[in-house]
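Single-structure report; data block below.
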Amino acid sequence: MSAPAALPTYEEATGGAKCGSPSPLAPTQPSWAYVDTSGRPSYGEKEILTVFTWDDRNVRRIFIRKVYAILMIQLFITVAIIALFTFCDPIKVYIQANPGLYMASYAVFFVTYLTLVCCSQLRRYFPWNLILLTIFTASLACTLGFISSYYNTKSVLLCLAITALVCFAVMIFSFQTKFDFTSCHGVMFMLLIVLCISSVVLAVVLPFGYIPWLHAVYAVMGAIVFTTFLAVDTQLLIGNRRFAISPEEYLFGALNVYLDIVYIFSFMLQIFGSNGD
């Protein structure tokens, strides 16, 4: 029996194909799907990606560099807007007097998020992908700034510092540990279901009276769940575990990590934040 053919290298798969033959990573293919780096094929949206996607270490380094460059810009915009809404009293008074602005910013965030996640072609089409990402970041930052304006400024700074330390520690741990978080999607899904059910219960109970300990349990649970999601998404970026994100999906990777950090901060506000000036 003949030996199986060797898998092609990244250069052979992308640049070495003959004219007229489609490349496995052609931009027309919806390849945000996870790559199984153990060599087994992994099903994504419609395509099967194999291990050759990550054969070239330079491709992985460039991909990670792009993701974290975008992420730093997103975090800078978010911190700037939170600081503006928290420390500038005229803006704080204005946005608190007009809660419709919060609903509008949240609606824009939700629509752009669904667009970026569901439309793989648009997510990879320059410059619309960057335009949508900018709108997504600005709207979510405004939503977060509106929430932060109701908290004491010192507690907001404290939560920013705690979030930065937690995220930095989780990312370093995810890079160094041998434990594969990318294989825990079933567990993460169940934790997310529990969190969603808890939020529904909390929303039903609140009109009948505020229960501080129930809110605290929900906030702690949410912080733990999204901290674990941050570990999963970080390992999906580095590509040396069973699953990884396609190198073409740097924008999708940055969006996931950014959303994890934002949710961690929002739950930290609920845990450690105090109302008032």
Practice prompt. Find the distance between CG (L259) and CG (D233) and round it off to the nearest 0.5 Å.
Written response: 9.0 Å

Practice prompt. Please answer: with hydrophobic residues joined when any side-chain heavy atoms are less than 4.5 Å apart, are M103 and L114 in the same cluster?
Written response: yes

Worksheet item: So, for G253 and V67, which heavy atoms are closest and what is the spacing to 0.1 Å?
Response: C-CG1, 4.1 Å

Item to complete: Determine, using the 4.5 Å side-chain heavy-atom cutoff (strictly less than), whether I77 and L251 are members of one ILVMFWY cluster.
Response: yes

Item to complete: Decide whether S105 and T143 meet the rule of one side-chain donor and one side-chain acceptor closer than 3.5 Å.
Response: yes

Item to complete: Please say whether more than 12 non-hydrogen atoms of neighbouring residues, nucleotides or ligands are located less than 6.0 Å from CE in M72.
Response: yes

Worksheet item: Does OH belonging to Y113 count more than 12 external heavy atoms closer than 6.0 Å?
Response: no

Practice prompt. Determine yes or no for a side-chain-to-main-chain donor-acceptor pair under 3.5 angstrom, with S155 supplying the side chain and Y151 the backbone.
Written response: no

Item to complete: Could you walk me through whether L101 and N98 pass side chain to side chain contact (heavy atoms under 4.5 Å, CB included), step by step?
Response: CA-CA 6 Å; L101 295 175; N98 297 273; 4.0 Å; yes

Item to complete: Answer yes if F76 and V156 sit in the same cluster of Ile, Leu, Val, Met, Phe, Trp and Tyr residues linked by side chain heavy atoms under 4.5 Å apart, and no otherwise.
Response: no

Discussion item. Can you give me the closest heavy-atom contact between A138 and I81, atom names plus distance?
Written reply: O-CD1, 4.2 Å

Worksheet item: Is there side-chain contact between K92 and T153, with heavy atoms separated by less than 4.5 Å?
Response: yes

Worksheet entry | Shortest non-hydrogen contact between L132 and L116, atoms and distance | CB-CD2, 3.8 Å

Practice prompt. Might you point out which heavy atoms bring S148 and T86 nearest each other, and give the distance in Å?
Written response: CB-OG1, 3.9 Å

Item to complete: Examine distances only and state if a side-chain atom of N152 and a backbone atom of K154 form a donor-acceptor pair shorter than 3.5 Å.
Response: yes

Worksheet item: For the side chain of Q96 and the backbone of S149, is there at least one donor-acceptor N/O pair under 3.5 Å apart?
Response: yes

Worksheet item: How far apart are the C-alpha atoms of F265 and C159, what are their side-chain angles, what is the distance that settles it, and do they pass the side chain to side chain contact (heavy atoms under 4.5 Å, CB included) test?
Response: CA-CA 7 Å; F265 173 70; C159 292; 3.8 Å; yes

Fill in: Residue pair Y258 / L140, side-chain heavy-atom distance below 4.5 Å
yes

Worksheet item: In the single-linkage hydrophobic clustering (I, L, V, M, F, W, Y; side-chain heavy atoms under 4.5 Å), do I70 and V117 co-cluster?
Response: yes

Worksheet item: When you measure from the side chain of Q270 to the backbone N and O of A219, does any donor-acceptor pair fall under 3.5 Å?
Response: no

Worksheet item: Do any N or O atoms from the side chain of K66 and from the backbone of Y250 form a donor-acceptor pair under 3.5 angstrom?
Response: no

Worksheet item: In terms of hydrophobic clusters joined by side-chain contacts under 4.5 Å, are M221 and Y263 together?
Response: yes

Discussion item. Can you classify the ring geometry of F136 versus F109 as parallel (below 30°), tilted (30 to 60°) or perpendicular (above 60°)?
Written reply: tilted

Practice prompt. In sequence, state the C-alpha distance, the side-chain angles, and the governing distance for Y106 and S139, and then conclude on side chain to side chain donor-acceptor pair (under 3.5 Å).
Written response: CA-CA 7 Å; Y106 188 86; S139 58; over 6 Å; no

Worksheet item: Do L158 and M268 come close enough that some side-chain heavy atom pair is under 4.5 Å?
Response: no

Item to complete: List the steps and the verdict of side chain to side chain contact (heavy atoms under 4.5 Å, CB included) for I147 and S266.
Response: CA-CA 8 Å; I147 296 172; S266 67; 5.8 Å; no

Fill in: T137 side chain to Q74 side chain, donor-acceptor N/O pair below 3.5 angstrom
yes

Item to complete: Go through I193 and I197 one step at a time and tell me if the side chain to side chain contact (heavy atoms under 4.5 Å, CB included) criterion holds.
Response: CA-CA 6 Å; I193 292 296; I197 294 175; 3.9 Å; yes

Practice prompt. Please check if atom OH in Y94 has more than 12 non-hydrogen atoms from other residues, nucleotides or ligands closer than 6.0 Å.
Written response: no

